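Contents: one structure, followed by commentary.
Nothing fancy with the numbering, it's 1 onward along the sequence. Just so it is clear, the model here is predicted, and its values are computed rather than measured.
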Amino acid sequence: MSKYNFDEIIERRGTNCVKWDESPSADTIPLWVADMDFRVAPAIQEALQRRVEHGVFGYNIVPESYYQAVISWFQRRHQWTISREDILYTTAVVPAMSVVIKALTMPGEKVLILSPAYNCFFSSIRNNGCEVLESPLKRVDDTFEVDWQDFEAKCADEKTTLFLLCNPHNPCGRVWKREELQRMSDICRQHGVAVVSDEIHCELVMPGHTFVPFGTVTDECVVMNSPSKSFNTAGLQIANIITANATWRRRIDRAININEVCDVNPFGIVALQAAYNESEDWIDELNEYLWGNYLALCQFFAEHLPQFTVCKLEGTYLPWVDVSALGIPVDQLCDRLLTEGKVWVNPGTMYGPETGKGYIRINIACPRSQLMEGLRRIAVMLAKL
């Protein structure tokens, strides 16, 4: 029997919510930005209420109990042993990404990514004066693989100094296997390329798959993570940068302070501890519910939209769907879905102008009834097209 009610409809309109309040009409179903429509785990809510009751919200120090929560979680959950001194905290994973790029590259150098990729990869790289270098993932049936020949050739480029990985991968839904991560590490080390792994989706893993932290493959990497995606606490602004490389860590710490993302709020601190110390059963049940949503989406497409391919979802809550059979540019398609169909999904071109062509990304982290209504609207609109 379920302990938590993920079917509950929670009204989010009118709460200054990006996902819902940026919708152009009040009857739009938003299946776009990576934000869940579920209430947080009870332990998180209770911890935040206790902190609010204190009534004073001045500047904070981050206590040792915070670091121990991070260390205990990743040791217990993922068999990754992290040293206390290896952890740097900051406000969120995107600022973390930017400060790491600033710390470990020079303007004009190239940062390698596997594309399609999370859209902020492109902006963070360019905002730091670097060049985006894409290694396109290979589509193999309903999943994606690294093109190792292309990957190594681009690591060998003398201007490539950093590889920015998404693990699990957004938007393709891959949970990288240990042997794949080891091969990435070996190639990067051979060519003097630093590895930076965005692991914000690390707890969102579907049955039959195991998340492998890059930090268990090699000490020569930088890992960025946060409970924000998995525990639906993005607005609380807390994340960690973890590296055992002392030289990199000093440079990253300096960049955090230069960019003034060194202060975090009290709610993020207590929420992380409540998530990692008291909410493991919640995340397990969440993953079961998300898997059910994914199966429901696959069945819907098989029955009503069989000409389109739902790519295999190994991790995240963001299925990647091939709609190229429609023959319509996905930006145009998504505009019509939003304005006429009243359902909001992301065009694949957000994640790579070339590699995202023909795809849409759908957020399934919502009550199943809401998801099914959104899918019904997609089917009605596609039938018109």
key: Gap between atom CG of Leu114 and atom SG of Cys172 - 0.5 Å precision   = 9.0 Å
message = I'd like to know if Asp27 and Arg377 make a salt bridge, using a cut-off of under 4.0 Å between side-chain N and carboxylate O.
response = no
query = Among all residues two or more places apart in sequence or in another chain, which pass the ring pair (Phe, Tyr, Trp, His ring centres under 6.0 Å) test with Trp20?
reply = none
key: Other cluster members, Val175 - Ile/Leu/Val/Met/Phe/Trp/Tyr, side-chain contacts below 4.5 Å   = Val205, Phe211
remark   = Sorted by chain and number, sequence neighbours left out, side-chain contact (heavy atoms from CB on, under 4.5 Å) with Ala296 holds for Arg368, Met372
task = Inspect the contact between Glu85 and Arg249 and indicate whether a charged nitrogen and a carboxylate oxygen are less than 4.0 angstrom apart.
result = no
inquiry  = Counting C-beta onward and ignoring hydrogens, is there a side-chain heavy-atom pair between Ser369 and Asp7 closer than 4.5 Å?
reply    = no
request  = Could I get the full list of ring pair (Phe, Tyr, Trp, His ring centres under 6.0 Å) partners for Phe267, not counting sequence neighbours?
outcome  = Phe57
Charged tip of Arg174 within 45° of Phe144 ring normal and under 6.0 Å = no
request  = Could you tell me which residues satisfy salt bridge (charged side-chain N to carboxylate O under 4.0 Å, His left out) with Asp281, sequence neighbours excluded, listed by chain and number?
outcome  = Lys3
ask   = Do Tyr118 and Ile200 come within less than 4.5 Å of each other through their side chains, counting heavy atoms only?
value = no
message = By the salt bridge (charged side-chain N to carboxylate O under 4.0 Å, His left out) test, which pairs, at least two apart or in different chains, include something from residues 205-221?
response = none
inquiry  = My understanding is that only residues two or more places apart in sequence, or in another chain, count here; which of them pass side-chain contact (heavy atoms from CB on, under 4.5 Å) with Asp157?
reply    = Lys110, Lys159, Thr160
inquiry  = Looking at Glu158, I want to see if its CD is surrounded by more than 12 non-hydrogen atoms of other residues, nucleotides or ligands under 6.0 Å.
reply    = no
key: From NZ (Lys102) to CG (Asn128), nearest 0.5 Å   = 5.0 Å
query = Knowing that exactly one of Gln190, Arg183, Gln182 qualifies, which makes a side-chain hydrogen bond (donor to acceptor under 3.5 Å, both in side chains) with Asp186?
reply = Gln182
inquiry  = Within the 3.5 Å criterion, strictly below it, is a donor on Ser230 or Glu203 matched to an acceptor on the partner's side chain?
reply    = no
ask   = Side chains of Thr216 and Arg178: do they bring a donor and an acceptor to under 3.5 Å?
value = yes
key: Distance (rounded to the nearest 0.5 Å) between Ser25 OG and Ile29 CD1   = 10.5 Å
key: Qualifying residues under ring pair (Phe, Tyr, Trp, His ring centres under 6.0 Å), relative to Phe151, sequence neighbours excluded   = Trp148, Phe163
message = For a quick check under 3.5 Å, do Asn170 and Tyr351 share a side-chain donor-acceptor pair by atom type?
response = no
query = Which is it for Glu280 and Arg76 under the salt bridge (Lys or Arg N to Asp or Glu O under 4.0 Å) test, yes or no, and what are the steps along the way?
reply = CA-CA 10 Å; Glu280 195 158 359; Arg76 183 174 75 251; 2.9 Å; yes
ask   = Does CD belonging to Glu303 count more than 12 external heavy atoms closer than 6.0 Å?
value = yes
ask   = Short question: side chain of Asp21, backbone of Thr15 - any donor-acceptor pair under 3.5 Å?
value = yes
Centroid separation Phe6 to Trp282 less than 6.0 Å = yes
query = Considering residues at least two apart in sequence or located in another chain, which fulfil the ring pair (Phe, Tyr, Trp, His ring centres under 6.0 Å) criterion with Tyr359?
reply = Trp320
ask   = Any side-chain heavy atom of Tyr317 within less than 4.5 Å of one from Cys366?
value = no
request  = Under the side-chain contact (heavy atoms from CB on, under 4.5 Å) rule, what do Val62 and Val264 come out as? Steps first, then yes or no, please.
outcome  = CA-CA 8 Å; Val62 174; Val264 293; 3.9 Å; yes
task = If you link ILVMFWY side chains whenever their heavy atoms are less than 4.5 Å apart, which other residues fall into the same cluster as Trp344? By chain and number, please.
result = Val18, Trp32, Val33, Leu338
ask   = Would you say Met97 and Val196 make side-chain contact, with heavy atoms under 4.5 Å?
value = no
task = Could you list the residues that satisfy side-chain contact (heavy atoms from CB on, under 4.5 Å) with Ala69, not counting sequence neighbours?
result = Leu272, Gln273, Tyr276, Asn277
ask   = Restricting to pairs with a member in residues 318-335, which pass salt bridge (charged side-chain N to carboxylate O under 4.0 Å, His left out), not counting sequence neighbours?
value = Arg139-Asp322
inquiry  = Students often mix this up, so state it plainly: with edges at 30° and 60°, are the rings of Phe74 and His78 parallel, tilted or perpendicular?
reply    = tilted
ask   = Salt bridge check: are Asp284 and Arg77 linked by an N-O gap of less than 4.0 Å?
value = yes
key: Salt-bridge criterion met for Asp37 and Lys19 (N-O under 4.0 Å)   = yes
query = Among Ile378, Leu385, Val345, which one satisfies side-chain contact (heavy atoms from CB on, under 4.5 Å) with Leu333?
reply = Leu385
ask   = Going by heavy atoms in the side chains, are Ser98 and Asn127 under 4.5 Å from each other?
value = no
